[in-house]
S.K.: 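Handing you this structure, nothing more for now.
This is a predicted model, so every value here is computed, not measured. Chain identifiers are assigned alphabetically (A, B, ...) following the order of the sequence lines, protein sequences preceding nucleic acid strands; residue numbering begins at 1 within each chain.
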Amino acid sequence: MSSSDQSLLVSSHGARQSTNGCPRSPRAMVIDRAWRALGPGVEPLSGPGGAPLTRTVKLILLPLVVRPTLRPALGADLLGPAEASWLDALVREAGERLRATAQWFTLLKKVRRALDIATGNPQDLYFQRCFELATEHGAPGDDAERLAQGVLLEVVEQAGGRTVEALKDYLCHQGRHARVGRELIAAWAHRDLDLTTEMDSVVSLAAEVLDECGDPDAIDKGPAAFTSMVDGEFGGVFGRVLWAVPSGVWGGNDLPSHLSLTAHPMPPRPEVGRAASTAELPAPLDRTLFERLFVVLRASTWREDLPTVPDLVQREVGRSCSPLGLRDESLRVAALLGARLAVGLDPLGSGHTALGQTAAHRTINHRWRRESSVLKARRMTTAADPDGGALATIAMDLQRPWVAYMRRLWVRLHGRDVREAPLHDLASAWAVLDGVVRSVMMDHRARVRAALRALATAPAHAAEARSA
Amino acid sequence: MMEVDIIRTGYGTIQVAGASARRGPCFTRAVLDVAGGLLTWPRVDDEMGLPVAEIDDVHDAQQWLSALYGERVSIACATVDREGLRVPAEETTLARDAARLAFGHWAARWWPASYMDQIPALDADLLGAELAALAYQCQQLFDPYNDGVTELIEEHQAGIDRLMHWHGGASASAARSIETVLRLIDDAADNMGLDTPPLRRLRSAIHRSFQPCSDLSGALNTPSARYGDYALAAAGPPAATSRVIARGTGINDWPRYPPGLVDAAEDAISWVARAVGARRQIEISAVAGAAAAWAVPLVAEVRVDGGAPSRVPLARRDDVWAGLADLAMPPTGQAPIEVTVLLPGFDPGPGGGDSPDDDPNNDDPNDGDPHSDGPNKRDLSGDSDNGDSDNGGPDDSAPDDGGRADRDAIRALTRRRLSGADDGAVRPFLAEIAASQNG
């Protein structure tokens, strides 16, 4: 039973009672108590206050010790007494192994420093490895340094050649570059341009689905609509509309159909490319094949799950000539839902948006107004003032929020497509759509911070020039 | 033990709120982004008390709910419906640390440093380094991929060296606090794989158990050393033929410019109107704040007799921002003049374009259309050219109002803290101790 199922069940039965009348405890607290009861020896995995580090919980305790996927009863946010003591016992039984894990972690950090390895977060990179080492070898013994070195080098090499350099080398080869170019031309020419479904009905269907989002309780009830959108390939319809209809999709206004996914009226045929600059990437659908893969390879988090470079390139040829530059239909539907969400974003609280608002919009726009209040409290405001310079440029981008939103969303969906991680239901699609809003807000904050810093450090002669 | 109300709002969020202080203007609020939601302290004061939580993702928030508010609040959040619940909250260690962290972030942006009021500035790197340590101390609150610790350490590394420097010459109690902060930073950096020269120096200092180094002097910038002579109306000698027709003090509306640019004193902004032949001129000067910023295009906004505001560019000379402009005066020659200082592109409007009514939670969608709420809708887009008719009109901004009481409360709070006499709930930051020793 999922956590939300549990809370739904008890919401009508009062705060402290579960369905069978027993008092329940927050799982986080049960974990915290069990952890502290382990006593000394786990400090390297604990925070300063003695609670487990949040990464210890997320990377070790939950997936490797508690394992709610195997024991769904332990997956809820609140546990009954039986589940609580079960969880407590699991942590206690793992005590020896957790202490050994902590020792391995300390050793790995030491050896890492000696080997001069400085990239990545050691907790992300080694926590699970340390648990594996503890499971296999117990506490570090005579052979520990050698084992630790082996693990460290293995992690370094895990990229398995799936790097930007490897991509560059692969596409540098003249004949190969030309062949991929020819394949792109052919794939682009053979696109399915058939448009039989009405985009209007697809857009209103997207709005209906978005009306199910934004409320954690409602979202579990409306999965059928999402599935039917995937089955109806409505995401693909949206993608083909972008190839044929430059505007008019989003009501009677001048918004382009593609919502700035391209700088052109319609997405152009992708080029092969052989270089990319992080600072100035073009709009998503204008990116070269190289640039698309560059973004994926630069984010190292999922590297293990990626195909090898020749395979990556081969698949990207087909992908980049598919509707929306995505192959998986659930991801295309997410792009469609995201686009419908994007045209109703209202970070400035103007009350005027291209199309009507759904429950999802109300949730997101409410959060955006809260963010505006947070930015005031953080003294990080911007205003679209004609004399406002860089800060005003940032403020003006908030008047076209769909640009940043679609860019961020597309990159995330493309990343999922490359590592073959479709979205199975509305709840997970919503998690992506919602998460992108957060990223856009964080991007805004980072830009404001940078602009304020630049102002403070600008050379004095600029002021003289101005007053002259 | 304090009771909190927990309610599910119409926006899919859950709100946890005690009977805390009324929400103050933006420069009195402390906020903290936490996993799955936002914590707000509606008004900074000696006690801080429990924050208001707005939770977007209750599953994520469960990682801190019980540690921050206690078990019963955590359970209530997992089960609450639209009816709401009232349960007792505990006073936890995490709540105390979180309040201090939020206060520190607030101080980094709004500390009312003033040469005129003799409120010394805080050393941003000392404060930032301690906030990094404190954020790590509060790690349970944060999404591990967005806890702010790495950024704080990287941005304020200079503070690490200063703290090590200070340690040798510090009083026993300050030395203990410094050591705690430094050990937390070292621990955090070690766990996150950060490795830079200051962090390496810290690591070796910890290995030799902090052998005494030289004292604090020279390691800190003392704001008092920077100020030279300045006169309040220092924009050059008046022309021989001019005569003063009016002079006054402007409104120092903190939210309208970034931190540190203008001295935070109430009378830091002053103006003189002169008659030069048939022309009328206004000369504005604003005492500069502690930030060593010279090229910021600050302007003064001048409003005569409640008319449309006009802007006068200010340029920095030594420790004063000064500007001069012709003034359109009514023929009588007598008219009220209002002056304030702002940064175009930053300025959110008078008073931060923000009032307590501007609370995003004041308009629940179930009470009607969420987009037909109050008059104050400008938020991020404060367009100062439109005047401030939606803020109650110019008559409200008399010099003794315009947020003065709130600013005075903040000045009093910082004075109490610097005097060290008061023992508020938020233990002093090392940057405050350093400032009161040097200030």
S.K.: Under a 3.5 Å distance rule, please check whether A/Arg379 uses its side chain to pair with a backbone N or O of B/Trp254 as donor and acceptor.
M.R.: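 Answer holds: yes.
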S.K.: Looking at side-chain heavy atoms only, is the closest gap between A/Asp32 and B/Gln140 below 4.5 Å?
M.R.: yes
S.K.: By a 4.5 Å heavy-atom criterion (distance strictly below it), what part of A/Ala51 contacts chain B: side chain, backbone, both, or neither?
M.R.: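 Contact with chain B is through both the backbone and side chain of A/Ala51.
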S.K.: Does the distance from a Lys or Arg side-chain N to an Asp or Glu carboxylate O, for B/Asp56 and A/Arg370, drop under 4.0 Å?
M.R.: yes
S.K.: Closer than 4.0 angstrom, basic N to acidic O: yes or no for A/Arg113 and B/Asp195?
M.R.: no
S.K.: Given that the side chain runs from C-beta out, which part of A/Phe105 has a heavy atom under 4.5 Å from chain B: side chain, backbone, both or neither?
M.R.: side chain
S.K.: Report yes if the side chains of A/Leu391 and B/Pro344 come closer than 4.5 Å at any heavy-atom pair, otherwise no.
M.R.: no
S.K.: Quick one: does B/Trp110's side chain have a donor or acceptor within less than 3.5 Å of a partner on A/Ala377's backbone?
M.R.: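 Checking the backbone N and O of A/Ala377 against the side chain of B/Trp110, a donor-acceptor pair under 3.5 Å is found.
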S.K.: Given heavy-atom pairs under 4.5 angstrom as the criterion, report whether the side chain, backbone, both or neither of B/Asp190 touches chain A.
M.R.: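 When you check distances to chain A, atoms from both the backbone and side chain of B/Asp190 fall under 4.5 Å.
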S.K.: Out of A/Pro122, A/Ala456, A/Ala390, A/Gly389, which one racks up the most heavy-atom pairs below 4.5 Å with chain B?
M.R.: A/Pro122
S.K.: Counting neighbours of CZ on B/Arg86 that are heavy atoms of other residues, nucleotides or ligands and sit closer than 6.0 Å, is the number greater than 12?
M.R.: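 At most 12 heavy atoms, drawn from other residues, nucleotides or ligands, come within 6.0 Å of this atom.
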S.K.: Any heavy-atom pair between the side chains of B/Tyr11 and A/Arg367 that's under 4.5 Å?
M.R.: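 They are not in side-chain contact.
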S.K.: Using side-chain heavy atoms (C-beta onward) and a distance below 4.5 Å, is B/Leu38 in contact with A/Glu371?
M.R.: no
S.K.: Taking C-beta and beyond as the side chain, do A/Pro26 and B/Ile75 meet within less than 4.5 Å on heavy atoms?
M.R.: yes
S.K.: I need the A/Arg27 CZ to B/His59 NE2 distance, nearest 0.5 Å.
M.R.: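 If I round to the nearest 0.5 Å, the distance is 6.0 Å.
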S.K.: Using modelled atom types only, decide if a donor and an acceptor are shared between the side chain of A/Thr381 and the backbone of B/Phe346 within a distance under 3.5 Å.
M.R.: yes
S.K.: Do B/Glu155 and A/Arg453 meet the salt-bridge criterion of a basic N to acidic O distance under 4.0 Å?
M.R.: yes
S.K.: Would you mind checking which part of B/Phe142 comes under 4.5 Å of any heavy atom in chain A, side chain (CB onward), backbone (N, CA, C, O), both or neither?
M.R.: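 For B/Phe142, the backbone is the part near chain A, not the side chain.
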S.K.: Quiz question: by atom type and distance under 3.5 Å, do the side chains of B/Arg23 and A/Ser373 form a donor-acceptor pair?
M.R.: yes
S.K.: Under a 4.0 Å threshold between the charged nitrogen and the carboxylate oxygen, would B/Asp33 count as salt-bridged to A/Arg445?
M.R.: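 Salt bridge between A/Arg445 and B/Asp33, a charged N being under 4.0 Å from a carboxylate O: yes.
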S.K.: Given heavy-atom pairs under 4.5 angstrom as the criterion, report whether the side chain, backbone, both or neither of A/Ser25 touches chain B.
M.R.: both
S.K.: Would you check if A/Arg24 and B/Thr79 make a side-chain contact, meaning some heavy-atom pair closer than 4.5 Å?
M.R.: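 Touching, per the 4.5 Å side-chain cut-off.
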S.K.: Picking from B/Pro255, B/Gly193, B/Pro144, which has the most non-hydrogen pairs under 4.5 angstrom with chain A?
M.R.: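 It is B/Pro144.
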S.K.: What are the two closest heavy atoms between B/Asn191 and A/Pro44, and how far apart are they?
M.R.: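 Shortest heavy-atom contact: OD1-O, 4.1 Å.
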S.K.: Determine the option with the most heavy-atom pairs under 4.5 angstrom with chain B, choosing from A/Ile31, A/Asp434, A/Asn121.
M.R.: A/Asn121
S.K.: From A/Thr382 OG1 over to B/Leu343 CG, what is the distance, rounded to the nearest 0.5 angstrom?
M.R.: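 One finds 11.5 Å between OG1 of A/Thr382 and CG of B/Leu343.
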S.K.: To the nearest 0.5 Å, how far apart are CE in A/Met442 and CG in B/Asn146?
M.R.: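 A/Met442 atom CE to B/Asn146 atom CG measures 6.0 Å (nearest 0.5 Å).
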S.K.: Can you tell me which of A/Asp124, A/Val57, A/Val448 forms the most heavy-atom pairs within a distance under 4.5 Å of chain B?
M.R.: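 Winner by heavy-atom pair count: A/Asp124.
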S.K.: Rounded to the nearest 0.5 Å, how far apart are CG of B/Asp60 and OG1 of A/Thr54?
M.R.: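 Separation between the atoms: 11.5 Å.
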S.K.: Does B/Gln139 reach the main-chain N or O of A/Pro52 with its side chain, forming a donor-acceptor pair under 3.5 Å?
M.R.: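 Side chain of B/Gln139 to backbone of A/Pro52, a donor-acceptor pair under 3.5 Å: yes, one is there.
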S.K.: Pick one of side chain, backbone, both or neither for B/Arg203, based on which atoms fall under 4.5 Å of a heavy atom in chain A.
M.R.: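 For B/Arg203, side-chain heavy atoms alone lie under 4.5 Å from chain A.
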S.K.: Evaluate the criterion salt bridge (Lys or Arg N to Asp or Glu O under 4.0 Å) for residue pair A/Asp385 and B/Arg311; output intermediate values, then yes/no.
M.R.: CA-CA 12 Å; A/Asp385 189 302; B/Arg311 285 177 176 181; 2.5 Å; yes
S.K.: Looking at A/Pro48, A/Gly388, A/Gly49, which one has more heavy-atom pairs under 4.5 Å with chain B than the rest?
M.R.: A/Pro48
S.K.: Contact part of A/Leu455 toward chain B, heavy-atom cut-off under 4.5 Å: side chain, backbone, both or neither?
M.R.: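 Interface part for A/Leu455: both.
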S.K.: Is there a side-chain contact between A/Asp387 and B/Val299, using heavy atoms and a 4.5 Å cut-off?
M.R.: no
S.K.: Within this structure, what is the NZ-CE distance for the pair A/Lys109 and B/Met192, rounded to the nearest 0.5 Å?
M.R.: 10.5 Å
